[in-house]
Amino acid sequence: MRALKIVFGTLAALLILAGAFFAYALHAEIQPREAGPVNFDPQLVSRGAALAAIGNCNNCHTVPGGKAFAGGLPIPTPFGAIHSTNITPDPETGIGRWSEAAFQRSMRKGVDREGRHLYPAFPYDHFTLVTDDDNKALYAYLMTRRPVQNTTPANTLPFPFNIRMAVAGWKLLFFKEGPYRPDASHDGLWNRGAYLGEGLAHCGACHTPRNQLGAEKKSQAYAGALVEGWWAYAINKDSPAPVAWSQDAFYHFLRRGWDDAHGLARGPMSPVVANLGSVPEGEVRALAAYYATVAGEPSAERRQKGETLIAEAKQPAIGRTLPSADAQAVPRGGNPQDFGAKIYGAACANCHEGGQPLPYGGLNLNLSTAMSGPTPHNPINVVLYGLPPAAGDRSPIMPGFHGSLSDAQMADLFRYLRSRFSDKPAWENLEKDISAARSAAGATALYPSPGSQPVPADASQRGVIW
Amino acid sequence: MVRFVVNGRHHETEADPETPLLYVLREDLHLNAAKFGCGLGQCGSCTVLVNGEAVFSCLTPVLVLEGKQITTLEGLGTADNPGPIQQAFIEEQAAQCGFCIPGMMMRAQALLQKKPQASEAEIRAHMQPNLCRCGTHMRILRAIHKAARIMQSAAAGAATPQIGGGGS
Amino acid sequence: MSRLIISRRSVLAGTGALVVSFASTRLLAQDAGQTQAPAPLEAPPPPKPAKLPGSLDTTRMLDSWVRLDAKGEVTIFTGKAELGQGIKTAVLQVAAEELDVPFVALRLVTADTARTANEGYTAGSQSTPNSATAVRYAAAQVREILIAEAAERANVPAAELRTENGAVIAPDGRRFPYGDLVSETLFHVEAQAEAKLKSPSAYQSIGKAQPRVDIPAKLTGGEAYVQDMRLPGMLHARVVRPPSYGAELEAVDLVATQAMPGVMQIVRDGSFLAVAAEREFQAVKAMRVLAAAAQWREKPGLPNQADLASVLTNLPSRELVILDQRTPMPPNPRTLEATYTKGYHMHGSIGPSCAVALMEGDSLTVWSHTQGVFPDRKAIAEMLRMGEDKIRVIHAEGAGCYGHNGADDAAADAALVARALPGRPVRVQWTREQEHGWEPYGPAMVTRAKASLDEGGKIVDWEYHVWSNTHSTRPGPAGALIAARHLAAPFPEPEPEIIPQPNGGGDRNAIPLYAFPSARVVHHFIPQMPLRVSATRALGAYMNVFTIESFIDELALATGADPVEFRLAYLQDERARDVVMAAADRFGWKKGEKPASGRGYGFGFARYKNFAAYCAVAAEVEVSFETGRARLVRAVSSVDAGDIISPDNLVNQIEGAILQAASWLLYESVAFNDTRITSTDWASYPILRFNAVPDSLEVTLINRPGQPFLGSGETAQGPGAAAIANALANATGKRFRSLPITRERIKGAIGA
């Protein structure tokens with residue numbers, strides 16, 4: 001009897017749990033709206049445009065060479081490729097039949113119009129923080145884009161990940177529904193920055209490491225992570241930047257795409273800053289204010305070191321003026337036995353010690369985060385493939401050296417760069433990393449440098465090997 | 001002393017090891033095709049192949065070229081006996097001032113060696129690093145397609161040796 | 001040596017006056033200072049010379065253009081230069097045609113102060129009308145002389161003889177190869193105003209497909225450019241230019257540079273600084289060290305880049321009314337007005353300028369890709385205080401120049417360094433930054449168009465204003481050369497020139513070809529030049545045609561008319577109508593057709609200078625509404641260049657001009673701060689790359705055999721730009737009046 005009671009009791013408990021789970025996991029379909037264009041207040045649409053730029057929507061929801069927001073970009077996850085959806089207002093293949101309520105729900109809860117769970121490759125764990133008002137503006141923006149008929153490819157996820165209901169389990173464990181709640185101990189600017197940064201801008205989605213189930217490790221917020229072959233550096237107190245990130249530096253970098261003491265945004269950060277260049281300035285100031293506190297105050301020693309480096313960098317290699325000769329420097333003599341030093345002197349110092357100011361001149365590598373980072377992914381990508389120019393906009397150009405340097409030569413160069421421009425321990429496995437980056441060519445996302453014009457990122461221009 | 005192979009012939013150079021390959025090619029080997037356009041890796045007029053890959057010879061110091069195979073336009077054929085790319089460009093009259101064209105041809109050669117069936121979109125993307133100021137782009141594209149066809153029919157007829165030792 | 005030549009042939013007796021070859025005019029010039037012997041009282045005054053076709057008018061002897069030797073080798077001389085526009089081939093085609101000599105048997109000598117006619121600059125689309133015409137007539141007359149000579153020997157009337165393949169053929173089949181007929185002075189006669197030209201129906205060379213003679217070498221590594229020259233003992237030099245206009249060299253420590261390997265000489269004269277070394281990379285490294293050692297005193301002097309239009313219109317200007325045909329207006333006209341602006345744009349030659357110079361004894365030879373060997377020689381002579389007769393400038397090809405780029409200045413630099421190293425050839429190569437920073441730009445301009453329409457929507461009045469600097473600061477005087485202005489004893493910058501109508505400078509094509517009942521056009525000439533400016537391809541026509549064609553479009557829209565029909569209503573010139581209709585037709589222009597979303601159609605037309613080639617362009621663009629990025633998708637152009645010598649080459653030029661105009665229009669403006677030019681490379685001055693190249697570009701030619709050759713190298717610049725601009729307006733519903741029409745401006749106009 002007792003055994004039966006236990007069995008029934010357990011069954012009942014399981015049923016209740018299952019019921020609770022299903023109650024949690026099941027979502028009703030929201031009825032489709034009538035197909036056809038909607039009129040929105042242009043100011044609302046304009047606000048939505050800025051918010052969409054902060055959210056970087058165009059970048060995931062557009063394929064290289066493709067139409068804006070038509071989806072289909074394969075987003076690599078450890079579980080397989082998930083393709084971004086068509087969020088143009090096309091009635092059949094896009095979100096043209098979505099009511100505002102359906103859109104609000106997708107942002108708040110990560111559930112589509114039909115009630116199916118969305119994969120968190122769509123970072124609703126961040127977007128859940130977005131207020132109803134802002135979602136309203138985003139909806140107005142998206143529904144006034146040009147409709148594109150595009151059926152996106154099916155996802156390639158193995159069992160059990162291809163069962164959307166399983167996502168509900170993930171949500172139970174890792175998803176906390178929003179919206180954002182202001183922190184009274186900080187001012188309005190900081191709160192706006194926290195709201196945007198933790199919310200729409202979803203910075204942690206790249207800059208925070210993830211666990212085995214692909215969820216961000218909250219305890220290691222902003223500690224840095226590898227994303228699509230690029231290392232998103234730590235932007236918390238563990239930032240490897242030789243010069244600590246100040247609020248001003250964050251602002252300049254996010255707004256213009258470069259900063260005197262930190263260099264250019266490149267890789268996947270390039271379209272982010274291009275987008276941020278197109279939004280109202282106050283939003284970027286807010287982000288800068290928030291992330292300044294994430295980075296924290298540097299120690300006196302670190303601050304001093306940064307100031308010394310900046311002062312040294314301001315001294316041109318040997319008193320140059322441009323454009324009297326060319327943009328290139330008098331290469332420094334190095335240890336003649338050090339092959340890496342010789343390569344640097346002959347091929348890199350010309351631009352990187354030329355004294356030509358950013359963004360067009362090469363960054364003085366003493367100021368480069370890449371040299372001090374935990375992994376060499378980023379400088380390997382840049383040295384191999386360069387920084388391609390933006391179409392028609394003034395933008396920095398760096399050539400790639402994948403044709404002229406062998407893996408061994410690049411490794412020699414990198415050993416030299418690491419030892420000369422950082423005080424961190426040597427990178428291990430250089431040859432392996434370089435060789436892997438070479439074979440990943442085509443899979444490594446390459447982005448044009450942000451132009452100096454404040455217009456949104458041209459997501460269709462991605463992927464050109466320089 | 002750096003030793004390398006240029007258009008199939010062995011060379012040694014005592015030039016300052018920091019010397020960009022472009023100057024060694026032009027000044028010491030009297031090879032005219034690769035040109036000085038910017039010295040910054042922005043225009044591609046200096047493009048040559050190193051082990052089958054297109055590189056900016058203006059930014060490639062000879063010290064990294066030990067043992068490597070370099071191919072310049074002169075290695076693809078002569079005026080009397082033009083190679084497929086040269087034949088195609090001459091037939092299409094794909095040049096106005098002509099200054100950028102050798103660099104264009106070498107970049108195209110690098111692509112067609114690896115991808116003989118490159119599509120129009122792939123060709124356009126691949127040619128991005130090279131600038132033409134005269135606006136000869138349409139003819140350059142036509143010539144590259146033609147070169148691909150010439151190469152393919154030659155390959156169909158006989159095995160075409162790989163230029164530059166890039167490895168198949 | 002001066003010779004008195006009187007033609008032996010009655011048919012070429014001409015005036016019987018004193019005839020002197022061009023080679024000896026130098027001697028005459030030297031004699032000019034001496035007292036002239038009084039003319040004999042009984043000699044009649046020499047009659048005014050007849051006007052001769054093309055450049056024959058200034059270089060009148062046949063053998064200044066055509067020479068034959070006893071082996072039958074023909075050499076053609078032209079004072080024009082190959083810029084990549086195919087003039088070498090075109091001139092040879094014309095010569096081959098009129099001489100009846102196989103094309104491959106011809107040799108060509110181009111612009112050389114010692115050997116060819118002085119045809120000024122290879123510019124302004126004048127090479128075919130002036131030089132090819134001269135060669136054509138000269139060749140035809142040479143052929144007539146050969147026939148006359150053969151007639152004497154064969155004892156057959158000239159009319160029964162024909163020519164073929166380099167020989168005169170008698171009716172009985174006897175062949176007289178040209179080489180057998182020539183004598184030293186046979187062609188040393190003055191040309192005539194008329195000649196028996198080949199009839200178009202008999203053309204074998206003109207109008208036929210002729211591959212360019214210069215292409216094979218350029219595509220197979222042959223020596224083709226001044227950059228390829230290698231003279232024995234040649235040294236390599238680099239200039240260290242100031243960091244900005246008006247910067248002065250305060251001090252430079254030469255010690256470190258002098259000690260560098262291979263350094264032969266450092267030249268310092270005032271603010272002119274250069275270094276020569278044995279090997280090229282040695283010169284490059286020395287330049288860098290020298291640049292680092294130089295201390296300059298700079299002063300701000302550049303205008304506010306953000307407000308160029310107002311800067312320009314506030315500078316003092318001279319008002320030149322170039323058209324004034326006013327008629328009273330009907331009552332209640334509807335008036336529209338619009339103002340357009342343009343920034344500075346660059347030639348941006350892909351190969352930075354280069355020159356080689358050699359001073360031997362008291363003689364200087366310079367090899368340069370200048371467009372004008374004679375004017376450059378004159379300026380260099382003045383700068384070096386040498387006689388012009390002691391300097392020889394020989395044209396050697398460079399990269400495309402599209403006008404007055406750094407070539408003339410590089411030649412002057414080379415001359416200065418060569419003077420310091422007599423007996424050694426010196427090669428000066430400019431850097432990319434120097435070419436970008438120091439070439440003279442296409443001037444910033446402001447234009448304003450105003451038109452009145454009657455009740456029926458017809459234009460009853462037209463008023464047009466253009467504000468611009470000069471569009472030519474070519475040498476000229478020594479002061480036109482940068483180096484000369486930087487010397488310790490500098491030459492003053494010359495007063496800017498007004499190029500008068502019908503050619504025009506900033507006012508080129510400011511007078512529309514359209515027939516308006518009442519019109520006034522004013523050129524506000526601004527002498528003060530905040531940035532260094534000179535001629536770029538089409539000069540003012542690029543901006544004026546863009547403006548006029550944009551405004552015509554705005555008028556068409558205001559009256560509900562189709563843009564093409566609207567233009568035709570005011571075009572009376574039949575050939576103009578033909579190109580407009582041909583372009584519209586081939587494009588598939590349909591009245592009132594609405595393009596697909598994000599696309600737009602536009603049209604542009606002009607006759608270059610109103611007397612050169614006709615060109616119409618129809619264009620389709622696409623615009624990304626998210627980013628504002630615009631791209632030319634498709635263009636169709638129709639061109640009438642008179643009797644077309646090299647059809648494929650003309651197509652090549654038009655294709656190139658349209659793409660170049662697209663790049664200018666959509667991307668290009670020189671950036672600068674208050675002191676320095678900051679557009680120093682392709683990163684800071686982007687131009688068209690392959691990702692913006694259209695899907696298709698089609699050129700149809702309307703050939704007019706027997707008509708005069710019309711200059712066509714620049715004719716598509718304005719119409720191409722205008723068509724794209726009008727297509728952008730069609731695509732976005734917004735009108736863009738400020739050039740360049742960048743992505744940022746488009747996005748700003750479109751909004752979210």
Side-chain angles (χ1 to χ4, degrees), chain B residues 15-16 18-20 23-24 26-28 30-40 42-43 45 72-80 82-83 85-86 89-91 93-102 105 123-141, chain C residues 83-86 211-212 214-225 227-228 230 236 261 279-282 284-285 347-352 354 397-402 429 431-432 648-649 652-653 655-663 681-683 687-691 693-694 696-697:
Chain B
D16 174 354
E18 288 178 351
T19 309
Y23 297 113
V24 170
R26 292 186 62 83
E27 195 172 348
D28 297 338
H30 295 199
L31 295 169
N32 295 311
K35 304 276 190 302
F36 174 78
C38 69
L40 299 164
Q42 297 174 352
C43 78
S45 295
T72 73
L73 186 64
E74 289 88 344
L76 299 187
T78 63
D80 294 325
I85 282 241
Q86 291 160 315
F89 271 71
I90 292 172
E91 283 174 18
Q93 296 280 280
Q96 287 180 64
C97 81
F99 201 84
C100 74
I101 301 293
M105 293 164 77
I123 293 173
R124 284 175 182 236
H126 178 83
M127 299 301 292
Q128 266 282 92
N130 287 51
L131 285 176
C132 169
R133 185 45 163 172
C134 292
T136 311
H137 304 77
M138 310 303 297
R139 290 181 178 226
I140 292 169
L141 289 171
Chain C
L83 310 175
Q85 85 286 50
R212 272 178 44 200
D214 53 318
I215 280 184
K218 290 172 174 174
L219 268 45
T220 54
E223 191 178 302
Y225 300 95
Q227 285 90 344
D228 301 332
R230 297 178 189 88
H236 291 269
R279 287 171 61 73
E280 190 161 15
F281 192 54
Q282 290 173 334
V284 171
K285 286 174 100 163
H347 301 81
S349 301
I350 201 77
C354 179
E397 284 192 62
C401 59
Y402 329 109
Q429 170 68 64
T431 67
R432 183 77 256 156
D648 183 62
N649 188 48
N652 204 355
Q653 285 288 287
E655 285 174 1
I658 292 174
L659 287 184
Q660 193 176 71
S663 182
D681 60 10
W682 299 118
I687 63 174
L688 198 86
R689 287 186 185 268
F690 272 96
N691 63 357
V693 165
S696 77
L697 189 48

*Can any side-chain N or O of C:Y225 pair as donor or acceptor with the backbone N or O of B:N32 at less than 3.5 Å?*
no

*Applying the side-chain contact (heavy atoms from CB on, under 4.5 Å) test to C:I350, which of B:C43, B:C134, B:C132 qualifies?*
B:C43

*Do the non-hydrogen side-chain atoms of B:F36 and C:Q227 ever get within less than 4.5 Å of each other?*
no

*Before accepting this row, confirm whether a basic side-chain N of the pair B:E18/C:K285 lies closer than 4.0 Å to the acidic partner's carboxylate O.*
yes

_Please classify the contact of C:H347 with chain B as side chain, backbone, both or neither, using a heavy-atom distance under 4.5 Å._
backbone

*Approximate separation, where rounding is to 0.5 Å, of B:T19 OG1 and C:Q282 CD*: 8.0 Å

_Could you report the tightest heavy-atom contact between B:Q42 and C:D681, atom names first, then the distance?_
NE2-OD2, 3.1 Å

*In terms of heavy-atom pairs under 4.5 Å, which option from C:R212, C:E223, C:Q660 contacts chain B the most?*
C:R212

*Are C:R279 and B:D28 close enough that some pair of their side-chain heavy atoms sits under 4.5 Å apart?*
yes

_Please identify which of these residues, B:H30, B:K35, B:R26, meets the side-chain hydrogen bond (donor to acceptor under 3.5 Å, both in side chains) condition with C:D228._
B:R26

_B:L131 versus chain C, the contacting section by heavy-atom distance below 4.5 Å_ = both

*Residue part contacting chain C, namely of B:L73, when any heavy atom lies under 4.5 Å*: side chain

*Among B:M127, B:E74, B:H137, which has the most heavy-atom pairs under 4.5 Å with chain C?*
B:H137

_On a heavy-atom basis, which atom in C:F281 and which in B:E27 lie closest, and how many Å separate them?_
N-OE1, 4.4 Å

*Does the side chain of B:Q93 pick up a donor-acceptor pair with the side chain of C:N652 at under 3.5 Å?*
no

*asked:* What part of B:M105 gets within 4.5 angstrom of chain C, counting heavy atoms only: side chain, backbone, both, or neither?
replied: side chain

*asked:* I'd like to know if the side chain of B:Q128 reaches the main chain of C:R689, judged simply by a donor and an acceptor atom lying under 3.5 Å from each other, with no hydrogens or angles considered.
replied: no

*Taking every heavy-atom pair that is under 4.5 Å apart, which of B:L40, B:T72, B:T136 has the most such pairs with chain C?*
B:L40

_Heavy-atom pairs under 4.5 Å with chain C - which of B:G37, B:A34, B:P82 has more of them than the others?_
B:G37

_Check: C:I215 and B:F89 side chains under 4.5 Å, non-hydrogen atoms_ = no

*asked:* Can a donor-acceptor pair be found, under 3.5 Å and without considering hydrogens, that links the side chain of C:E280 to the backbone of B:Y23?
replied: no

*Would you name the heavy atoms of B:R133 and C:G348 that are closest together and state the gap between them?*
CG-O, 3.2 Å

*Relative to chain C, which of B:G83, B:C100, B:P20, B:G39 shows the most heavy atom pairs under 4.5 Å?*
B:P20

*Nearest atoms (heavy-atom pairs only) where C:L219 meets B:A95*: CD1-CB, 4.2 Å

*Under 3.5 Å side-chain donor-acceptor pair for B:Q96 and C:Q653*: yes

*Locate the shortest heavy-atom distance separating C:K218 from B:G98; write the atom from each residue and the value.*
CD-CA, 4.5 Å

*With a 4.5 angstrom heavy-atom cut-off, could you sort out which part of B:S45 is near chain C: side chain, backbone, both or neither?*
side chain

*Note, B:M138 side chain near C:P694 side chain (heavy atom, < 4.5 Å)*: yes

*By a 4.5 Å heavy-atom criterion (distance strictly below it), what part of C:S663 contacts chain B: side chain, backbone, both, or neither?*
side chain

*Quick one: are B:R139 and C:D648 in side-chain contact, heavy atoms under 4.5 Å?*
yes

_Please classify the contact between C:R230 and chain B as side chain, backbone, both or neither, with a heavy-atom cut-off of under 4.5 Å._
side chain

_Heavy-atom proximity to chain C below 4.5 Å, by part of B:I85_ = neither

*Shortest non-hydrogen separation from C:V693 to B:R124 and the atoms involved*: O-NH1, 2.7 Å

